[in-house]
Structure formats: C-alpha cells, structure tokens
Asks: 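Quick one: this structure, given as structure tokens, is what I'll be asking you about.
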Amino acid sequence: MNNIGVVSRGNGLRGMGLAALVGCCLPMAALATTTNDISLGSVVIAVDGDYVLTGSSASNTVTVSAGVTASVTLSNLSITSTACAFSIASNATATLTLLGSNILASGDVYAGLQVPEGATLVITSNSAGSLSARGSLDWSNTAGAGIGGSGGGGYFPGESCGTITIYGGTVMATGAGKGAGIGGGGSYYAPGGSGGTIAIYDGTITATGGDGAGIGGGGSAGAIGGSGGAISICGGMVTATCGHGGDDGMGAGIGGGYRGDGGTITISGGTVTASSSKGAGMGGGYEGACGTIAISGGIVTANGGGGAGIGGGRGGGGGRITISEGTVTATSEGSNAGIGGGLGSAGTITISGGTVTATGADAEGGTGIGGGENGAGWTITISGGTVVATAGAGAYKAGIDSGTDGTITILGGNVTATGCDFGAGIGDYESVGTVIISGGMVTATGHGPGAGIGGATIAISDGTVMATGGDSYDFDGGGPGIGCYYSRGMIQISGGTVTAIGGNGVYGGSAGIGGGFDSSGGIIIISGGRVTATGGIGGAGIGGGIYGAGGTITISNGTVTATGGDTGAGIGGGGSLDENRIGGSGGAISIGGNATVT
C-alpha cells in the first residue's frame with residue numbers, strides 16, 4: 001500500500017525500498033505534486049496536498065483518509081477492483097480534475113467512487129477528461145451507487161451520500177442493484193441511503209440507477225427507500241435514468257429510490273432529461289411521494305414509467321411543485337399525471353412562467369396536470385407562462401384536474417387543457433372540486449361527455465375563456481361547455497370574455513353553460529363580462545342539457561348571448577328529440593339590472 005505522507009512513489013523516491021521508508025514522514029510543504037501509478041500499489045492519501053493518479057490495476061485501490069483535504073488529478077486512471085476502487089472517508093474532501101479517460105469500478109456492495117455521509121467530492125471545471133464510475137460489479141448484491149454511498153447488502157441500511165459538486169467534465173455513473181447512479185446506496189430489507197447534497201453546475205453527466213434513482217436516493221425492496229436528498233442543477237447536460245440491466249427501474253430518474261420520496265430538487269439551468277421505468281421521471285420512486293421540486297430555468301424533459309413525469313411515484317402523491325421559468329415537458333405512463341400525482345393525492349402545483357407541456361399516460365389514462373388516478377385534494381395555481389395540459393387515454397381524465405376537494409386557480413398565462421375519455425378540459429367530469437379563473441387566455445376542451453370546464457364550483461371573473469364540451473358517439477350526450485354532465489353545481493361569471501359551447505352525443509346535446517344530458521343547469525349567476533353560450537343539440541344556451549330543467553339562473557349585468565341547440569331554450573330548459581318525452585322546465589330565471597341579453 002502506498003500511504004502518501006508516509007510513503008510516496010513520486011518525487012525521486014521511486015527507487016527506494018518500501019521497508020526503508022516506513023516511518024519516514026515527509027512534510028507536504030516540501031513536496032510539489034505527488035504522482036502515483038496505481039499499478040505499483042494501493043494509494044492512501046493521508047496528508048493534505050496535490051496529487052496525480054495514473055495507471056491501471058485490477059486489485060489496487062485509492063483511499064482519502066478522514067480529515068484530509070486533497071486536490072487529485074485523475075489522468076487515465078483505471079481501477080477495476082473487488083473492493084472499493086476509490087473511497088473518500090467521512091470528514092475528508094477530495095477535489096478531482098479529470099484528464100483523459102478514467103474508470104472506477106468496484107465489487108461487492110461498494111460504490112464505484114465512495115462518497116459517504118460527511119465526505120465531500122468536487123469535480124472541477126478544469127476537467128477536460130471523463131470519469132466512468134460503476135458500483136458493485138457483482139450484480140447479485142444490493143448495491144453501491146456509481147458515485148456516492150455503498151450498498152447495505154440484504155439486511156443493513158444503504159449508505160447515504162455526502163456532498164457532491166460537479167463543475168465540469170464528462171461523468172458517467174452507474175449504480176448496481178438498488179444503488180443510485182449518483183447518490184445513495186441501496187439495500188434489500190433495510191432502508192436505502194439518501195441522496196445527500198448533490199449540485200451540478202456544468203459538464204456532461206449521465207447517471208443511471210438500477211432500483212435506485214439516476215440521481216438521488218438508493219432503493220429498498222422491503223423498507224423505506226432513500227429520499228432524493230438536496231439536488232440542484234444549475235447548468236450542464238444532465239441525463240438521469242432509473243432502470244438498466246436486470247433491475248426493474250423502481251426509483252426516480254431524479255429524486256427518490258425505490259420506495260423513497262423525492263427530497264428537494266431545484267433546477268435553474270442546463271438541459272436535463274430524467275426518466276424511469278417504474279418511478280417518477282423527477283420526484284418519488286415507486287410508492288414514493290413527490291417531495292419539493294422547483295424549476296426556474298433550463299430545458300427539462302421528464303418521463304415517468306410508473307409514476308408522474310414530474311411528481312409522485314406510482315402510489316405516491318403529496319409534495320410541492322413550482323415552475324417559474326424554463327421549458328418543461330413532462331409525460332407519464334400508467335394512471336399517473338404528467339405533472340402531479342402518481343395514483344396519489346394532496347399536493348400543490350404552482351406555475352408562474354415558462355413553457356410547460358404536460359401529458360398524462362396513454363395506456364391507462366392520466367391527468368395532464370393534477371392528481372393521478374384516485375388523486376384528490378390538489379391545489380393548482382397558474383399565473384403565467386404557456387401551459388399545455390393533455391390527458392392520456394383513460395376514463396374520466398382531465399387536462400387539469402384537482403380531484404375531489406381540490407382547487408384550480410388560473411390568474412394569468414396562456415392555458416390550453418384537453419381531456420380524454422369522459423374527461424373535462426379543466427376540472428372534473430362530475431360536480432367535485434373548485435375552478436377559479438381571474439385572468440389569462442384559457443382554452444379548455446372536454447372529451448366524450450366531459451365538460452370544457454367542470455366542477456362543483458366554477459367562478460370566472462376575468463380573462464378570455466373558450467370552453468368546449470366533448471362530443472360522444474357512444475354515450476347519451478356530449479359535455480357542457482361549462483358545467484357538469486350529471487351533477488348540479490354552481491357557476492358564477494362576473495367578468496371576462498367567455499365563450500361556451502355544448503357538445504353532442506348519440507341522443508342529444510348539453511348546455512353551453514349548465515347541465516349535461518337530462519341534467520339541470522344547477523345554479524348559474526352572471527353579473528358581468530361578455531358571455532356567449534351555445535347549446536348542443538337540444539341543449540339550452542344557458543341552463544339544462546337536453547331533457548334537463550334550467551335550474552336557477554340569475555343575470556344582473558354584462559352582455560349575454562345565449563343560443564339553444566334545435567329544441568333547447570336560449571336561456572332555460574333543454575329541449576326534446578323524443579316525441580314520448582317532454583323537454584326540461586325553464587326553472588327560475590331572473591334577468592335585471594344593466595344586463596344586455598340576446
């Protein structure tokens with residue numbers, strides 16, 4: 001073993017015998033850069049200083065001892081070991097500069113480049129070369145990170161990652177088993193290790209986890225997985241993937257390992273691609289909650305195989321997602337949202353800027369933005385940016401949906417939302433949730449009997465709103481432009497420019513504003529704005545769908561143009577296309593004040 005500070009193979013000492021040098025302590029101030037060829041023996045860096053490591057070995061290793069701060073240049077260094085190829089002890093700092101092509105591959109449960117909790121790794125901006133780090137060559141073990149914590153085996157916890165900062169270079173990090181690419185080590189029955197603190201400022205980074213995250217926490221099959229830790233990306237080209245080899249890809253691309261939550265993820269720049277086979281693209285691993293995600297810049301593409309594109313893993317909800325700038329594209333598979341929950345509920349999504357495209361899963365259906373299947377209680381606020389939200393093919397999926405007891409608030413921005421298979425463009429198929437629009441340009445289109453905008457309470461006070469109910473060719477009726485197909489809710493319009501068009505089905509249409517097939521208009525209050533409402537076939541312009549009563553309609557101000565479809569009233573009850581059925585009653589209609597009604 002080469003114990004630097006006690007034994008050195010550089011600086012004219014190469015010809016001296018090892019036995020003659022034992023106990024000879026060389027003062028570091030007397031040495032310039034110490035160069036060591038790993039093929040001549042293992043290296044222990046025990047004293048602060050500048051070092052160059054080169055050569056190749058199938059057995060020797062590098063260790064940075066506790067308490068040491070070392071600047072190390074890796075120059076075409078290659079280590080493939082059954083032990084840990086390169087380890088940084090807790091309370092040690094290693095600043096690496098990469099020259100040429102460097103390989104660190106470990107065996108057993110070790111990380112390729114071990115950075116345990118309390119240790120610090122920095123990769124400098126002067127790194128013109130590359131590093132390939134791979135954990136645990138023995139894939140049957142569970143398992144070390146490429147860079148970060150070592151694995152815990154079957155019954156011991158995975159090691160949490162320390163602090164990793166990358167300013168440049170080309171870095172390829174691959175975790176084995178349940179290890180992260182960069183971050184925590186994994187375990188089978190015990191908890192996985194957390195992602196620690198990971199910051200990327202520049203460079204080309206490719207990080208791949210097995211059942212641990214690409215970047216973030218290590219996974220666990222039988223206990224809690226490692227959380228993502230604190231992950232920040234300010235620049236560079238970053239590709240983070242969970243799932244390779246014989247592993248299932250149960251962690252997030254960036255965030256939690258298998259059964260781990262997403263931690264805190266901040267992206268302010270760079271080009272970032274995050275994907276997972278069965279977790280969220282960015283956020284929680286399989287069964288893991290979203291955590292906290294803030295995107296304020298960069299180009300971000302996230303795809304969740306079994307979880308949200310950005311948000312919770314499959315079965316995981318919760319968390320807080322904020323997008324204020326950047327170009328964000330998020331897609332999901334399974335019954336998960338593009339942005340939001342993975343079959344889970346109760347979280348917060350805030351979009352104030354940027355260009356955001358969110359698409360739910362096609363296979364089983366997922367919301368574009370909001371809760372996954374069975375998701376409820378979401379608070380969604382959009383105040384700026386360009387937002388396109390599209391539901392995947394699956395029953396009752398909306399473009400934007402907060403679920404039961406949730407609230408959607410649009411204050412500004414350019415928002416386009418499209419539902420699929422009974423889904424509303426914005427809101428819910430039935431009378432649940434609250435939709436508030438007080439600004440922006442909003443285009444909402446339902447599918448089948450889904451409304452353009454649906455919910456228990458709908459309030460529009462400003463903005464330009466175009467809401468179109470869906471057409472259905474295998475269902476009784478289409479969706480109302482604004483309202484709910486079955487249930488009766490409350491619709492209030494006090495300002496803005498609102499256009500609502502009812503959709504059509506096999507046996508008739510829905511109201512422009514109000515009810516669906518054989519459904520009352522509920523409570524409709526118009527006290528301002530410019531409102532144009534057109535019913536589908538037999539549906540009222542404002543009021544009931546075909547065969548439905550008008551409900552309670554009050555118009556006190558504004559300019560209102562209401563046109564019924566065929567036998568439907570302009571304002572009031574829906575009509576009838578069946579000679580054996582009568583149309584809906586007009587309900588209670590009050591028009592007064594300064595309203596202009598056509």
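Remember, predicted model here, so these are calculated numbers, not experimental data.
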Asks: Could you tell me the separation between the OG1 atom of Thr124 and the CD1 atom of Ile166, rounded to the nearest 0.5 Å?
Replies: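 If I round to the nearest 0.5 Å, the distance is 11.0 Å.
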Asks: Walk me through it: do Leu96 and Leu121 pass the test side-chain contact (heavy atoms from CB on, under 4.5 Å)?
Replies: CA-CA 7 Å; Leu96 303 187; Leu121 168 68; 3.6 Å; yes
Asks: Between Thr165 (side chain) and Val122 (backbone), is there a donor-acceptor pair under 3.5 Å?
Replies: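 No, Thr165 side chain to Val122 backbone: no donor-acceptor pair under 3.5 Å.
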Asks: Could you go through residues 281-309 and list every donor-acceptor pair under 3.5 Å that involves a side-chain atom there, pairing it with any protein atom two or more places apart or in another chain?
Replies:
from	atom 1	to	atom 2	distance (Å)
Glu287	OE1	Arg259	NE	3.0
Asn303	OD1	Thr331	OG1	2.7

Asks: Would Ser39 and Asp37 count as having a side-chain donor-acceptor pair, cut-off 3.5 Å?
Replies: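 Indeed, the side chains of Ser39 and Asp37 share at least one donor-acceptor pair under 3.5 Å.
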Asks: To the nearest 0.5 angstrom, please state how far the OG1 atom of Thr208 sits from the CZ atom of Arg134.
Replies: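 One finds 11.5 Å between OG1 of Thr208 and CZ of Arg134.
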Asks: Would the distance check show the side chain of Ser127 and the main-chain N or O of Leu98 forming a donor-acceptor pair, the cut-off being under 3.5 Å?
Replies: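 Answer holds: yes.
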Asks: Which atom names give the shortest non-hydrogen contact between Ile349 and Gly340, and what distance separates them?
Replies: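 What the structure gives for the nearest pair is CD1-CA, 3.8 Å.
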Asks: Can any side-chain N or O of Ser136 pair as donor or acceptor with the backbone N or O of Asp108 at less than 3.5 Å?
Replies: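 Side chain of Ser136 to backbone of Asp108, a donor-acceptor pair under 3.5 Å: yes, one is there.
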Asks: Locate the shortest heavy-atom distance separating Thr54 from Leu77; write the atom from each residue and the value.
Replies: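 Closest heavy-atom pair between Thr54 and Leu77: O-CD1, 3.5 Å.
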Asks: Tell me, do Ile254 and Ile233 make a side-chain contact under 4.5 Å, heavy atoms counted?
Replies: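 Heavy-atom side-chain distance check passes, below 4.5 Å.
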Asks: At their closest point, which heavy atom of Gly370 faces which heavy atom of Ala337, and how far apart are they?
Replies: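 It is O-CB, 3.3 Å.
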Asks: Taking side chain to side chain contact (heavy atoms under 4.5 Å, CB included) as the criterion, tell me which of Leu74, Val43, Thr34, Thr35 meets it with Tyr51.
Replies: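 For Tyr51, the side chain to side chain contact (heavy atoms under 4.5 Å, CB included) test succeeds with only one of Leu74, Val43, Thr34, Thr35, which is Thr34.
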Asks: Using side-chain heavy atoms (C-beta onward) and a distance below 4.5 Å, is Val68 in contact with Asp48?
Replies: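 Yes, their side chains come closer than 4.5 Å.
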Asks: To the nearest 0.5 Å, what is the distance between OG on Ser402 and CD1 on Ile369?
Replies: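 If I round to the nearest 0.5 Å, the distance is 12.0 Å.
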Asks: Taking the side chain as everything from C-beta on, heavy atoms only, tell me whether Ile382 gets closer than 4.5 Å to Ile400.
Replies: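 In short, these two side chains touch, coming nearer than 4.5 Å.
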Asks: Hey, is the main chain of Ser75 close enough, under 3.5 Å, to the side chain of Thr73 for a donor-acceptor pair?
Replies: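 Not at all, since once roles are kept as given, no pair shorter than 3.5 Å links the two residues.
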Asks: Work out which heavy atom in Ala223 is nearest to a heavy atom in Ala190; give both atom names and the distance.
Replies: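 What the structure gives for the nearest pair is CB-C, 3.6 Å.
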Asks: Which value, rounded to the nearest 0.5 Å, describes the distance between Ser187 atom OG and Glu159 atom CD?
Replies: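 Here the rounded value is 12.0 Å.
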Asks: To the nearest 0.5 Å, what is the distance between OG1 (Thr329) and CD1 (Ile339)?
Replies: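 Result: 9.0 Å between the selected atoms.
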Asks: Counting C-beta onward and ignoring hydrogens, is there a side-chain heavy-atom pair between Trp378 and Asp401 closer than 4.5 Å?
Replies: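 No, too far: nothing below the 4.5 Å cut-off.
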Asks: Within this structure, what is the OG-CE distance for the pair Ser101 and Met172, rounded to the nearest 0.5 Å?
Replies: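 These two atoms lie 6.5 Å from each other.
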Asks: Do Val115 and Ile147 have side chains that get closer than 4.5 Å, going by heavy atoms?
Replies: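 They are in contact (side-chain heavy atoms under 4.5 Å apart), so the answer is yes.
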Asks: Locate the shortest heavy-atom distance separating Ser220 from Gly192; write the atom from each residue and the value.
Replies: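 Heavy-atom minimum between the residues: CB-N, 3.8 Å.
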Asks: Taking the side chain as every heavy atom from C-beta outward, state whether Cys84 and Thr61 have any atom pair closer than 4.5 Å.
Replies: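 They are not in contact (no side-chain heavy atoms under 4.5 Å apart), so the answer is no.
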Asks: Is a side-chain N or O of Ser57 found less than 3.5 angstrom from the main chain of Ser59, in a donor-acceptor match?
Replies: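 Side chain of Ser57 to backbone of Ser59: a pair is present.
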Asks: Locate the shortest heavy-atom distance separating Ser268 from Cys234; write the atom from each residue and the value.
Replies: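 Residues Ser268 and Cys234, closest heavy atoms: OG-CA, 3.5 Å.
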Asks: Could you pull out all donor-acceptor pairs under 3.5 Å where a side-chain atom in residues 193-207 meets a protein atom, sequence neighbours excluded?
Replies:
from	atom 1	to	atom 2	distance (Å)
Ser194	OG	Gly196	N	3.1

Asks: Not counting sequence neighbours, list each pair that qualifies as a salt bridge (Lys or Arg N to Asp or Glu O under 4.0 Å) and has a residue in residues 54-75.
Replies: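 Output for this query is empty, none listed.
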Asks: Under 4.5 Å between any side-chain heavy atoms of Leu131 and Leu113, yes or no?
Replies: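 The answer is yes, as the side chains (C-beta and beyond) meet within the 4.5 Å cut-off.
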Asks: Answer whether the closest heavy-atom distance between the side chains of Leu53 and Ile38 falls below 4.5 Å.
Replies: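 No, side chains not in contact.
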Asks: Please answer whether the main-chain N or O of Ala85 pairs with a side-chain N or O of Ser106 as donor and acceptor at a distance below 3.5 Å.
Replies: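 Judged by distance alone, yes, a pair lies under 3.5 Å.
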